[in-house]
Structures are given as C-alpha cells and as structure tokens.
> 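Input: one structure, supplied below.
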Amino acid sequence: MAIFWAIRINILQAQSIAPAIRLNQIGFYPKAAKIAIVVGDSPTAFQVTTPDLKKVVFKGQLSEVRQNSISGKTARTADFSALKTAGIFVVLIPGLGHSQPFEIKTDVHRAVAIGSLKGFYYQRVSVGLPEKYAGRWSRPAGHVKEDNQVLVHPSAVSAGRPAGTVLSSPRGWYDAGDYNKYIVNSGITTGTLLSLYEDFPPFCRTFKTAIPESGNALPDILDESLWNLRWMLTMQDPADGGVYHKLTNARFDGMVMPDKATKERYVVQKSVTAALDFAAVMAQASRIFKPFNRELPGLADSCLTAAVRAWEWAKKNPDQLYRQNVLNEKFDPDVVTGEYGDRDASDEWIWAAAELYVTTKDDTYYKTVNLFPDNKMPLPSWAQVRLLGYYTLARFEKTLTPLGKKDFPRLKQQLTGLADELIQDVDKQAYQTVMGKTARDYIWGSSSVAANQGVALIQAYRLTNDKKYLRAALTNLDYLLGRNATGYCFVTGFGDKPVMNPHHRPSVADGIEAPVPGLLSGGPNGNAPKQDKCEGYTATSADEMFIDASCSYASNEIAINWNAPLVYLAGALEALQADL
C-alpha cells in the first residue's frame with residue numbers, strides 16, 4: 001500500500017494529469033465494466049498504461065461523441081472492460097495527458113464500504129474518539145452534559161413532563177454538518193444500514209471497521225447501528241408512546257468542535273412522521289437483534305414494544321405534523337435548526353406497516369394501510385420512505401402471509417419497473433451512468449440520489465437475478481467516485497481529487513487539513529447558489545453546480561442519510577462482485 005501511494009504522489013508531481021479524463025478514482029473489479037469519460041475534443045485513441053507511462057497494457061479507440069443533455073458539453077467513452085489484469089494503471093490519451101491512477105483487483109471497493117461505515121463512528125455523540133480508533137481525527141466527547149440534561153421544549157409538554165422537565169437522551173449520531181439529532185433522518189439512515197445486514201449477512205459478518213466494539217459477537221454494522229438505536233429509544237415518551245421530532249439547540253452552533261458546543265438542548269414536539277419512522281426502525285431492529293438475545297437480553301422485545309406503542313400513538317394523532325414556523329409562533333424559544341418537516345405522512349404509514357407486518361406476521365398492519373395507493377415509486381429520501389417498506393416486503397417474499405403473497409406480483413412488477421426506467425437509455429448518456437439522465441437528479445444531496453438509485457437497482461437484481469441491474473448499479477458507484485461532471489470523488493479521504501472542505505463542523509474546526517474521512521458530500525445542486533449564497537460558483541449547468549468549500553452547505557455538506565445508501569451500495573457490490 002505504501003508503494004501504491006508513492007506511485008500516486010509521483011504521478012501527481014509529474015503534473016500531466018488531464019482533468020478532462022473522468023473515472024472511478026478507486027478502481028475496478030477484474031471481470032466488471034471499466035469505463036473512463038473524456039470530456040471535450042480529444043484524439044480518438046487511448047491507452048491504459050502502468051503509472052510510469054512506460055508499459056502499455058491496453059489500446060483502444062474512443063467512442064463516438066455523445067452530448068451531455070444537461071450542459072451541452074461533448075464527451076467520448078474509453079471502454080477498457082476487456083482488461084482484466086490486476087494492477088495499478090492510468091488511462092492515457094496521447095497528446096492530452098493521463099488520468100488519476102486506479103487499481104484493478106478483487107474487493108476493490110471494500111475500503112470505501114468500510115470507510116463510509118466508519119464515517120458514522122466519527123459522528124458519534126456522547127463519547128470521546130481516541131486515537132486508537134479515530135487516528136488524526138481523535139477528539140473529546142461532545143454533548144455529554146448537554147444530552148444528559150435535555151429540556152422539554154414548551155411545544156413538547158405532556159402529562160408528567162411539563163416544560164423544562166430534564167431528560168437524559170445521550171448517544172446517537174450528529175445528523176450532518178451540525179450537532180443536532182433528528183428522528184426522521186435517523187429513521188431512514190438506520191433502516192438503510194440494517195437493510196444491508198438483512199440482505200447480505202455473511203458479508204456483514206466479515207465487515208470490520210476498527211471501532212471499539214469490533215471483535216465482539218455482533219457484526220460492526222449492527223454495533224454502529226446500535227449506537228443510534230439506543231438514542232432513538234430515549235426519544236419515546238414512556239407515558240403515551242409518542243416520539244419527539246428532534247433533540248436540538250434552539251439555533252445552530254458555530255464552526256466549533258463538539259465539546260465546545262455547550263448550548264442547552266431541547267426535545268421538541270412529537271410528530272406523526274417521527275413516530276412512524278421510529279416504529280418502522282424498531283420493528284426492523286426487533287427481528288434483526290432477536291438472534292442476539294444472549295448478547296443483548298431483552299432488546300428485541302423492547303424494540304417491538306416500542307414500535308407498537310409508537311404506531312398506536314400515530315393512530316391517535318395522525319394529523320400531528322411538525323411545522324416549525326407554526327411552532328415558533330406559539331412557543332419560546334424559537335427553534336431554527338433543521339425542520340425535517342413533512343406535509344404528507346402516507347409514505348411513513350406504508351413503511352411502518354410493512355415493517356410491523358413482516359416482524360409480527362399480523363395481517364392487521366397490512367390491512368390498516370393502503371400499501372399500494374398508486375403505481376408511483378419515488379426514490380427513498382427522509383421525506384419519502386415508501387420504498388423502504390416495499391424493499392422489506394420483497395426481502396421476505398417467502399415468509400409473507402397469504403395476504404402479502406397475493407400482492408407480491410404487483411410489488412415485483414413495480415420495483416422492476418422502476419429499475420427499468422432507471423436504466424433506460426443509459427448507454428446514450430455522456431457519462432454512461434444511471435445518475436444524471438435529467439437535471440432533476442441534481443437536488444440538495446444529489447449524491448444520495450445516485451446512491452439510492454443504486455440501491456433500487458440492487459433490489460431489482462435480487463428479485464430477478466438479471467445482471468443488467470447490478471451492472472447499472474455499479475455505474476453509480478463509479479459516478480460517486482469520480483466519473484462525473486465535476487471530476488471529484490465525493491467521498492472524503494478517497495481518490496486523488498477528493499472533497500477536502502465539506503460543510504462539517506469537526507472537519508472545519510479540528511485544525512487538520514484533511515477532513516474527517518468516509519463522509520459523502522452532498523454533490524452538485526442546481527439551486528445551490530441561491531440556497532447557500534456561498535461565493536465561488538462558476539458553473540452554469542446543474543451537474544457541475546458544486547464547489548469544494550465549507551460555506552457551501554447546499555452542495556458540500558455531509559449527512560447521515562446520504563452516507564447510509566453509500567454504505568449499502570458499496571457493501572452490496574462488494575458482496576455481489578462475483579456476479580458482475
């Protein structure tokens with residue numbers, strides 16, 4: 001590995017890297033597709049060479065010119081899929097320059113999968129990160145006192161818990177670049193991580209991330225998920241089963257380290273979306289942790305009890321949506337941190353019902369909610385979790401009750417229909433990726449769009465065994481790791497053109513040049529300049545609307561719900577690499 005990085009440094013010093021060549025800066029599986037994109041006018045021949053440029057191992061011709069439908073720029077494809085030799089190489093365009101170095105080997109994305117899961121360790125609340133596990137990014141514990149003395153906000157009062165009641169709600173993960181904790185976003189995040197374990201348990205059992213719990217009886221992905229799950233359990237009111245929407249400061253902290261952020265914290269209003277997301281995750285966790293009852297006695301039962309109580313609260317309070325502006329008109333202090341507001345809880349009902357139905361085999365949950373209100377299949381996001389429920393129903397096809405089996409053909413058709421729509425005309429796209437067929441992909445957190453598209457395609461592969469879906473999913477990992485219109489690898493700590501200045505308080509405040517590793521930048525956002533007003537945007541097309549600056553929270557923040565589908569995508573591809 002030391003030799004590998006020495007070679008990379010020598011190449012960088014040669015100053016002949018061609019920015020127009022875009023590829024996965026980590027590498028490729030020996031038997032899988034290997035694509036580089038060359039932007040703009042260029043010679044038609046290309047070579048793959050050793051890093052010193054002395055030995056040519058592959059020669060080819062660039063494809064015909066394709067036009068990027070978003071920017072109008074032209075690009076050609078260098079396809080060297082026929083090269084299956086393990087080693088370190090570069091793509092060379094004579095007269096133009098060469099790419100960043102990459103590897104061809106088995107398990108080539110294992111470090112990315114491990115690193116993106118380890119990213120959650122760096123977001124842990126209530127515990128110090130010692131150098132043994134955190135390396136250069138070691139730090140003191142944050143919010144130890146504050147999260148053990150959380151105040152009930154006036155919006156969250158209930159019988160037995162008047163305003164100002166002091167609660168203990170430690171652990172969890174810092175949500176994003178800020179230091180608050182939000183149930184809605186924790187829901188989709190934890191559910192996605194747990195789904196990787198459910199789908200690929202043998203792989204997850206070998207998935208070591210060098211955290212304090214590594215080596216115990218649980219896979220690391222479950223140990224990490226538990227850190228957040230235990231916090232989530234503290235957010236349920238034991239009196240009525242309702243779930244507080246978030247634990248937060250009244251206002252965002254400055255760019256300081258976690259132990260320097262000492263403002264008082266509040267649990268804020270219970271919401272139906274928080275309760276249902278909570279119910280879904282707890283029902284899923286119950287069945288996952290049941291086999292670990294000796295190591296975690298009673299946890300599975302406690303999770304299911306909590307899920308059922310949250311579901312019952314939601315049934316009694318279906319209109320209790322979280323609307324921060326309305327809340328601030330009624331109560332003090334005003335709360336102006338992330339709202340995670342949602343005007344429609346129908347998708348949360350679907351997810352919670354699916355998880356409780358699968359875990360309990362009780363048809364009541366299946367019948368209470370219209371699980372298939374239409375044929376729409378919106379990609380998962382914190383505000384749209386319907387597909388998480390569908391993934392679970394598909395995952396447990398063989399153990400569904402007759403009621404669920406009856407609807408299974410429709411479910412399969414809709415999930416594969418989504419996948420077919422995603423892969424349609426990918427070969428006509430400038431970057432040959434599923435991501436970016438339309439400017440609508442480039443929203444706030446577009447990197448999670450790419451990752452969740454990949455997850456949807458892997459679900460379709462699991463349903464059909466059709467490798468076209470798996471191969472298409474790999475194109476989106478290629479996108480995230482460098483084959484995109486910006487040329488950045490969007491995962492901190494990886495690649496030769498990585499994001500270096502994310503909107504992430506510890507990365508800004510710790511005095512270390514390199515950011516905390518394993519975090520997925522939000523990525524290009526067509527509306528970013530209007531949203532964060534950070535200076536430096538020069539792009540005119542949505543797929544390039546990105547700057548590597550800490551002030552760019554609309555294009556370069558990190559968030560746990562973006563990291564989770566990256567963990568799933570990279571992990572699943574590692575588990576399935578032999579099928580590519």
Side-chain angles (χ1 to χ4, degrees), residues 1-66 74-112 115 430-433 474-475 477-491 493-500 514 573-574 577 580:
M1 185 59 71
I3 294 173
F4 178 41
W5 284 107
I7 291 171
R8 283 177 174 261
I9 292 169
N10 289 337
I11 289 177
L12 288 172
Q13 290 173 342
Q15 297 184 348
S16 56
I17 287 181
I21 304 174
R22 312 284 172 76
L23 47 56
N24 181 329
Q25 295 167 28
I26 307 305
F28 306 91
Y29 298 112
K31 295 181 180 180
K34 303 170 189 69
I35 296 290
I37 302 299
V38 185
V39 179
D41 297 329
S42 63
T44 58
F46 77 93
Q47 302 172 355
V48 179
T49 77
T50 51
D52 59 9
L53 310 182
K54 292 182 179 180
K55 182 180 179 180
V56 177
V57 298
F58 186 89
K59 292 182 179 180
Q61 296 292 313
L62 297 177
S63 73
E64 75 281 0
V65 170
R66 295 184 178 86
T74 58
R76 295 176 185 265
T77 300
D79 188 337
F80 51 102
S81 302
L83 177 62
K84 296 178 169 54
T85 305
I88 304 167
F89 306 103
V90 297
V91 171
L92 174 67
I93 310 290
L96 180 66
H98 61 76
S99 71
Q100 292 101 344
F102 57 86
E103 281 190 278
I104 297 177
K105 67 173 184 177
T106 57
D107 303 333
V108 71
H109 295 117
R110 188 172 182 84
V112 172
Y431 285 87
Q432 306 284 281
T433 61
L474 181 58
T475 71
L477 188 59
D478 288 342
Y479 166 90
L480 292 171
L481 300 180
R483 196 169 106 204
N484 58 65
T486 71
Y488 279 98
C489 174
F490 291 123
V491 185
F494 289 89
D496 278 312
K497 188 182 177 182
V499 168
M500 290 295 291
L573 288 168
E574 279 290 298
Q577 60 182 286
L580 284 161

> Report the C-alpha distance between Leu92 and Val48 in whole Å, list the side-chain angles of each, state the deciding distance to 0.1 Å, and finish with yes or no for side chain to side chain contact (heavy atoms under 4.5 Å, CB included).
CA-CA 6 Å; Leu92 174 67; Val48 179; over 6 Å; no
> Going by salt bridge (charged side-chain N to carboxylate O under 4.0 Å, His left out), name the pairs with one or both residues in residues 481-491, residues two or more places apart or in two chains.
Asp478-Arg483
> Search all heavy atoms of Gly487 against all heavy atoms of Asn484 and return the closest pair with its distance.
N-OD1, 2.9 Å
> Might you point out which heavy atoms bring Ala514 and Met500 nearest each other, and give the distance in Å?
CA-CE, 4.1 Å
> Can you tell me how far the CG atom of Leu481 sits from the NZ atom of Lys497, to the nearest 0.5 Å?
14.5 Å
> Please identify each residue that fulfils salt bridge (Lys or Arg N to Asp or Glu O under 4.0 Å) with Arg66, with sequence neighbours left out.
Glu64
> Shortest non-hydrogen contact from Ala45 to Pro94?
O-CD, 3.8 Å
> Tell me whether the count of non-hydrogen atoms from other residues, nucleotides or ligands lying under 6.0 Å of CG in Asp107 goes above 12.
yes
> Quick check for you: to the nearest 0.5 Å, what is the distance between Leu23 atom CG and Cys489 atom SG?
11.0 Å
> Would you confirm whether Glu103, through its side chain, and Val108, through its main-chain N or O, come within 3.5 Å as a donor-acceptor pair?
no
> Please give me the minimum heavy-atom distance between Ser99 and Ile21, naming the atom from each residue.
CB-CG2, 3.6 Å
> When you compare the side chain of Val39 with that of Tyr431, does any pair of heavy atoms fall below 4.5 Å?
yes
> Counting only heavy atoms not in Lys84 (residues, nucleotides, ligands), do more than 12 fall under 6.0 Å from its NZ?
yes
> Backbone N or O of Asp496 within a donor-acceptor pair of the Gln25 side chain at under 3.5 Å?
yes
> Would you say the side-chain atoms of Thr50 pair up with the backbone N or O of Lys55, donor to acceptor, closer than 3.5 Å?
yes
> How many angstroms lie between atom NE2 of His98 and atom CD1 of Ile93, to the nearest 0.5 angstrom?
11.5 Å
> What pairs with Thr85 under side chain to side chain donor-acceptor pair (under 3.5 Å), at least two apart in sequence or on another chain?
none
> Under the rule for side chain to side chain donor-acceptor pair (under 3.5 Å), what residues qualify as partners of Thr44, not counting sequence neighbours?
Gln61
> With side chain to side chain contact (heavy atoms under 4.5 Å, CB included) as the criterion, how do Val491 and Val499 come out once you've worked through the C-alpha distance, each side chain's angles and the decisive distance to 0.1 Å?
CA-CA 7 Å; Val491 185; Val499 168; over 6 Å; no
> Is the Lys NZ or Arg CZ of Lys34 less than 6.0 Å from the centre of Phe80's six-membered ring, within 45° of the axis?
no
> Show your reasoning for whether side chain to side chain contact (heavy atoms under 4.5 Å, CB included) applies to Val38 and Leu96.
CA-CA 10 Å; Val38 185; Leu96 180 66; 3.9 Å; yes
> Can you tell me how far CD1 of Ile35 sits from OG of Ser81, rounded to the nearest 0.5 angstrom?
4.5 Å
> State which residues pass salt bridge (Lys or Arg N to Asp or Glu O under 4.0 Å) with Arg22; sequence neighbours excluded, sorted by chain then number.
none
> In residues 26-33, what donor-acceptor pairs under 3.5 Å come from side-chain atoms, sequence neighbours left out?
residue : atom : partner : partner atom : Å
Tyr29   : OH   : His109  : ND1          : 3.3
Tyr29   : OH   : Glu574  : OE2          : 2.6

> Check Pro101 against Ile88 and note the closest heavy-atom contact, atom names and distance.
CB-CG2, 4.3 Å
> Mind checking whether Phe46 and Phe89 have ring centres under 6.0 Å apart?
no
> How long is the straight-line distance from CG of Asn24 back to OG1 of Thr475, given to the nearest 0.5 Å?
11.0 Å
> If I compare all heavy atoms of Ile37 with all of Ala75, which pair ends up nearest, and what's the gap?
CG2-CB, 3.7 Å
> Applying side chain to side chain contact (heavy atoms under 4.5 Å, CB included) to Lys54 and Thr49, what does each step give before you reach the verdict?
CA-CA 7 Å; Lys54 292 182 179 180; Thr49 77; over 6 Å; no
> Ignoring hydrogens and angles, tell me if any N or O in the side chain of Thr77 forms a donor-acceptor pair with the backbone of Asp79 under 3.5 Å.
no
> Using only atom types and a distance under 3.5 Å, with no angle test, would you say the side chain of Gln100 pairs donor to acceptor with the backbone of Gly495?
no
